[in-house]
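Structure record follows, encoded as structure tokens.
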Protein chains: 2
Amino acid sequence: MKKNKKEAILNAAIKLFSAKGFKETHMSEISKMTGAAEGTIVYHFKNKENLFLTILTEFQENIVAEFARYNKEKKLKTGLAMVEDIISFYLQLANSMEDRFLLLHRHEAYVRAHASAAFRTHLEAIYTCFVDMFERAINLGKKDGSIGVVPARKTAIIIFGMVDAVLRFNTYGLYNAGTLFNELNLASRRILTAG
Amino acid sequence: MKKNKKEAILNAAIKLFSAKGFKETHMSEISKMTGAAEGTIVYHFKNKENLFLTILTEFQENIVAEFARYNKEKKLKTGLAMVEDIISFYLQLANSMEDRFLLLHRHEAYVRAHASAAFRTHLEAIYTCFVDMFERAINLGKKDGSIGVVPARKTAIIIFGMVDAVLRFNTYGLYNAGTLFNELNLASRRILTAG
DNA sequence: GTCTTAACTGAGCGCTCACTCAGTTTTTTA
DNA sequence: TAAAAAACTGAGTGAGCGCTCAGTTAAGAC
């Protein structure tokens with residue numbers, strides 16, 4: 001039963017980084033949680049910073065894959081219906097990848113992005129991915145008439161931000177996302193149709 | 001020229017905490033930045049955690065004061081106009097208290113809030129303050145007819161979240177807040193009037 | 001001027017933590 | 001099955017950190 005401690009380390013690190021933060025998570029904790037020696041962590045990931053970057057890289061790849069899958073599979077009638085569906089998709093995704101989204105909502109990654117181009121690239125890719133989804137749906141809606149005259153990109157950013165904010169409030173324990181779900185859909189519909 | 005290093009320490013700590021985070025900011029850096037000895041920091045604030053809490057406490061008091069001042073001074077014609085004005089007010093406030101808002105957008109404070117009731121109370125007070133502002137304007141608008149039938153509290157949360165998201169995107173260098181300002185106003189107007 | 005109190009200093013201490021490395025165990029290769 | 005490669009171990013190390021404390025300097029009281 002040697003081998004494959006790598007995966008376990010990665011999973012433990014995701015949990016700990018998202019719950020406690022980068023600096024506050026210690027190699028000894030990851031070690032204890034996985035049963036792997038600290039040396040093993042270094043053996044696989046070189047150092048703590050690189051472990052963090054590896055997690056972010058995999059997360060980005062996952063998101064992009066989900067995005068591609070969604071775009072292929074889902075064929076909804078109108079662009080407006082698609083926007084609403086993407087809101088649900090996003091909230092469900094956040095639910096099933098809770099810890100990694102928590103990581104995304106931490107500020108830390110953005111601090112690191114200032115120093116490291118790799119961090120920056122990954123973060124931008126993730127956000128762009130989501131905004132692109134909304135933008136695409138808005139453009140479709142403008143064509144099929146379900147969405148009025150709005151600037152697609154900017155409106156996509158606004159709506160994505162609105163949804164993400166609710167998610168963040170939920171994460172921070174300030175307001176419950178579930179009770180705001182209907183308002184979220186209502187608000188997006190109004191933003192898109194009044195034009 | 002003795003005395004009043006306290007203020008300097010507070011200002012330096014705000015800058016450093018918001019730029020680098022709690023754990024990543026070292027007493028030695030605050031010391032170097034202010035010219036005060038590390039012992040002086042401890043003399044005034046007991047320890048690092050308490051220094052952080054002091055900053056948050058002062059910030060909350062500032063916000064509440066600004067809120068009270070705004071509510072007394074500003075008398076706009078309609079509730080809808082008031083909502084739009086609050087959006088500007090919020091963005092201006094964030095601009096003039098940039099570092100403290102950055103602190104608010106860090107996740108750290110919320111992690112600490114889980115352990116410390118004091119942190120939690122301050123954070124909730126700050127958010128509640130802003131949501132209250134929006135809610136009050138929405139209720140006024142519903143009475144004067146400028147705003148349609150919407151659930152005031154929930155809609156206030158949604159709009160506040162939307163505005164705060166744009167601010168955060170700006171902070172992270174993802175999208176520019178200035179170019180989204182018009183869309184922000186347009187979106188809020190649509191959310192509030194279509195009902 | 002003298003005494004008291006508050007503000008301030010910085011070398012030093014104890015501790016934590018990321019990372020090293022020489023060695024062991026398992027898996028793969030031939 | 002023997003040799004080579006890969007995976008893994010954990011005591012040890014050294015750098016860095018928050019905080020202490022005995023002492024110094026300045027401000028205010030009388």
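Worth knowing before you read on, the calculation uses all heavy atoms, side chains too, and leaves out hydrogens, waters and symmetry mates. Lettering of chains follows the sequences in order, A, B, ..., and the numbering in each one begins at 1.
Side-chain N/O atoms of B/T40 include one lying less than 4.0 angstrom from OP1 or OP2 on C/dT9. The side chain of A/K46 places no N or O atom within less than 4.0 Å of a non-bridging phosphate oxygen (OP1 or OP2) of C/dC19. An OP1 or OP2 oxygen of D/dT9 is reached within less than 4.0 angstrom by a side-chain nitrogen or oxygen of A/K5. Between A/Y43 and D/dA7 there is a side-chain N or O to OP1 or OP2 distance below 4.0 Å. For A/H44 and D/dA6, the shortest distance from a side-chain N or O to OP1 or OP2 is not below 4.0 Å.
Looking at heavy atoms from C-beta onward, A/L167 lies in side-chain contact with A/F101 at the 4.5 angstrom threshold.
Aromatic ring pairs are classed by plane angle as parallel below 30°, tilted from 30° to 60° and perpendicular above 60°; the pair B/F52 and B/F22 is perpendicular. Note on ring orientation: taking the six-membered ring where Trp is involved, the planes of B/Y70 and B/F89 are tilted (angle from 30° to 60°).
The distance from atom CD of A/E24 to atom C1' of D/dC17 is 14 Å, rounded to the nearest whole Å. Remark: C1' of D/dA11 and CE of A/M27 are 16 Å apart, rounded to the nearest angstrom. In this structure, B/K6 places its NZ atom 8 Å from P of C/dA7, rounding to the nearest Å. The distance from atom NE2 of B/H26 to atom P of D/dC19 is 12 Å, rounded to the nearest whole Å. Across the protein-nucleic acid pair, A/N50 atom CG and C/dA18 atom C1' stand 14 Å apart, rounded to whole Å.
Residue-to-nucleotide proximity on DNA chain C shows that, of B/I41 and A/K23, the 5′-proximal contact is made by B/I41. Between A/F22 and A/G39, the residue anchored nearer the 5' end of DNA chain C, judged by the nucleotide with its closest heavy atom, is A/F22.
Contact of A/E38 with C/dC19 (side chain to base): a donor-acceptor pair of N or O atoms is detected under 3.5 Å.
Nucleic acid contact class of A/T34 (heavy atoms, under 4.0 Å, all strands): none.
In this structure, the side chain of A/D144 engages the main chain of A/G79 through a donor-acceptor pair within 3.5 Å.
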